[in-house]
A.B. asks: 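This is the structure I want to talk about, given as structure tokens.
As the structure is a computational prediction, the values presented were derived from the model and not from experiment.
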Amino acid sequence: MNFKNEVILFLFCCLLFSSCVDEEKPPKNTLSEEQMATILTDIHLAESRVNRLQLRSLDSSLMIFNQLKNDIWKKYKVDTLLYRESYSYYMTHPQTMTRIYEKVNKKIEIREKNNNIKL
């Protein structure tokens with residue numbers, strides 16, 4: 001084997017092993033995947049509620065949505081900063097965010113089946 005082939009083999013092995021490494025763990029003060037899924041479920045349902053109101057004023061829609069979001073923060077004892085930092089972290093980890101949204105979809109389906117769509 002010549003040097004060039006050895007380098008290619010080494011790089012291939014590094015790539016192979018790096019793809020097998022466990023996912024990076026979230027920073028200490030990050031909401032869990034389950035917490036994010038639960039909160040995102042309520043946020044998407046709140047958006048849907050505001051859209052169904054069909055308000056003519058965007059300001060009114062935003063005001064109502066922001067109040068619903070504040071209610072969600074209180075319900076789960078989460079502040080905006082913690083949510084935003086967690087959301088930003090998960091957005092940089094697409095596989096994890098995909099898992100979270102799969103959970104969101106399941107939670108919404110369950111609520112629809114139980115006719116429990118309200119917050």
A.B. asks: Identify, with sequence neighbours excluded, every residue that meets side-chain hydrogen bond (donor to acceptor under 3.5 Å, both in side chains) alongside Ser32.
C.D. replies: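 By the side-chain hydrogen bond (donor to acceptor under 3.5 Å, both in side chains) rule, Ser32 matches Gln35.
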A.B. asks: Which residues satisfy the side chain to side chain contact (heavy atoms under 4.5 Å, CB included) test with Pro94, sequence neighbours excluded?
C.D. replies: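 So Pro94 forms no side chain to side chain contact (heavy atoms under 4.5 Å, CB included) with any residue.
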A.B. asks: Which other residues end up in the same hydrophobic cluster as Leu81, if Ile, Leu, Val, Met, Phe, Trp and Tyr are linked when side-chain heavy atoms come under 4.5 Å apart?
C.D. replies: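 Traced through the cluster, Leu81 reaches no other member.
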A.B. asks: Can you name the residues that form a side chain to side chain contact (heavy atoms under 4.5 Å, CB included) with Ser57, not counting sequence neighbours?
C.D. replies: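 Applying side chain to side chain contact (heavy atoms under 4.5 Å, CB included) to Ser57 gives Asp59, Ser60.
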A.B. asks: Please identify which of these residues, Val104, Ile72, Leu68, meets the side chain to side chain contact (heavy atoms under 4.5 Å, CB included) condition with Ile43.
C.D. replies: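 Going through the options one by one, the only one that passes is Ile72.
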A.B. asks: From Glu33 CD over to Ser86 OG, what is the distance, rounded to the nearest 0.5 angstrom?
C.D. replies: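 Rounded to the nearest 0.5 Å, the CD-OG separation comes to 11.5 Å.
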A.B. asks: Is there a side-chain hydrogen bond (donor to acceptor under 3.5 Å, both in side chains) between Asp71 and Gln67 once you walk through the steps?
C.D. replies: CA-CA 6 Å; Asp71 293 344; Gln67 182 57 51; 3.0 Å; yes
A.B. asks: If I take atom CZ from residue Arg84 and atom CG from residue Leu82, how far apart are they, to the nearest 0.5 angstrom?
C.D. replies: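 Nearest 0.5 Å value for the CZ-CG distance: 12.0 Å.
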A.B. asks: Checking Lys107 now: which residues fulfil side chain to side chain contact (heavy atoms under 4.5 Å, CB included) with it, not counting sequence neighbours?
C.D. replies: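 Lys107 satisfies side chain to side chain contact (heavy atoms under 4.5 Å, CB included) with Glu34, Ala37, Thr38, Thr41 once adjacent residues are dropped.
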A.B. asks: Restricting to ring-ring contact (aromatic ring centres under 6.0 Å, His included), what partner residues turn up for Phe65, sequence neighbours left out?
C.D. replies: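 For Phe65 there are no ring-ring contact (aromatic ring centres under 6.0 Å, His included) partners, ignoring immediate neighbours.
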A.B. asks: Rounded to the nearest 0.5 Å, how far does CD1 of Ile39 lie from NZ of Lys69?
C.D. replies: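 These two atoms lie 12.5 Å from each other.
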A.B. asks: Tyr90: what forms a ring-ring contact (aromatic ring centres under 6.0 Å, His included) with it, not counting sequence neighbours?
C.D. replies: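 For Tyr90, no residue satisfies ring-ring contact (aromatic ring centres under 6.0 Å, His included) once neighbours in sequence are set aside.
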A.B. asks: Taking only Lys NZ, Arg NE, NH1 and NH2, and the carboxylate oxygens of Asp or Glu, determine whether Asp42 and Arg111 approach each other closer than 4.0 Å.
C.D. replies: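 Judged by the 4.0 Å cut-off on N to carboxylate O distance, Asp42 and Arg111 do form a salt bridge.
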A.B. asks: What residues form a side chain to side chain contact (heavy atoms under 4.5 Å, CB included) with Asn105, not counting sequence neighbours?
C.D. replies: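 Side chain to side chain contact (heavy atoms under 4.5 Å, CB included) list for Asn105, sorted by chain: empty.
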A.B. asks: Kindly compute the distance separating CD (Gln95) from CE (Met97), expressed to the nearest 0.5 Å.
C.D. replies: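 Output value for this atom pair is 13.5 Å.
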A.B. asks: Going by side-chain hydrogen bond (donor to acceptor under 3.5 Å, both in side chains), name the residues that satisfy it together with Asn66, two or more places apart in sequence or in a different chain.
C.D. replies: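 Result, side-chain hydrogen bond (donor to acceptor under 3.5 Å, both in side chains) vs Asn66: none returned.
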A.B. asks: Mind checking what makes ring-ring contact (aromatic ring centres under 6.0 Å, His included) contact with Tyr76, not counting sequence neighbours?
C.D. replies: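 Checked Tyr76 against ring-ring contact (aromatic ring centres under 6.0 Å, His included); zero matches.
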A.B. asks: Leu58: which other cluster members, linking ILVMFWY side chains closer than 4.5 Å, directly or transitively?
C.D. replies: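 Joined to Leu58, directly or through intermediates: Leu62.
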A.B. asks: Test of understanding: with side-chain hydrogen bond (donor to acceptor under 3.5 Å, both in side chains), list the residues that count as partners of Thr80, not counting sequence neighbours.
C.D. replies: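 Listed in chain order: Trp73.
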A.B. asks: Please determine whether side-chain contact (heavy atoms from CB on, under 4.5 Å) holds for the pair Leu31 and Tyr87, giving the CA-CA distance in whole Å, both sets of side-chain angles, and the decisive distance to 0.1 Å.
C.D. replies: CA-CA 9 Å; Leu31 295 169; Tyr87 188 84; over 6 Å; no
A.B. asks: If hydrophobic clusters are built by linking Ile, Leu, Val, Met, Phe, Trp and Tyr wherever their side-chain heavy atoms come under 4.5 Å apart, do Met63 and Leu53 end up in the same one?
C.D. replies: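 Different hydrophobic clusters.
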A.B. asks: Ignoring hydrogens and angles, tell me if any N or O in the side chain of Ser48 forms a donor-acceptor pair with the backbone of His44 under 3.5 Å.
C.D. replies: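 Here the side-chain-to-backbone pair does not exist.
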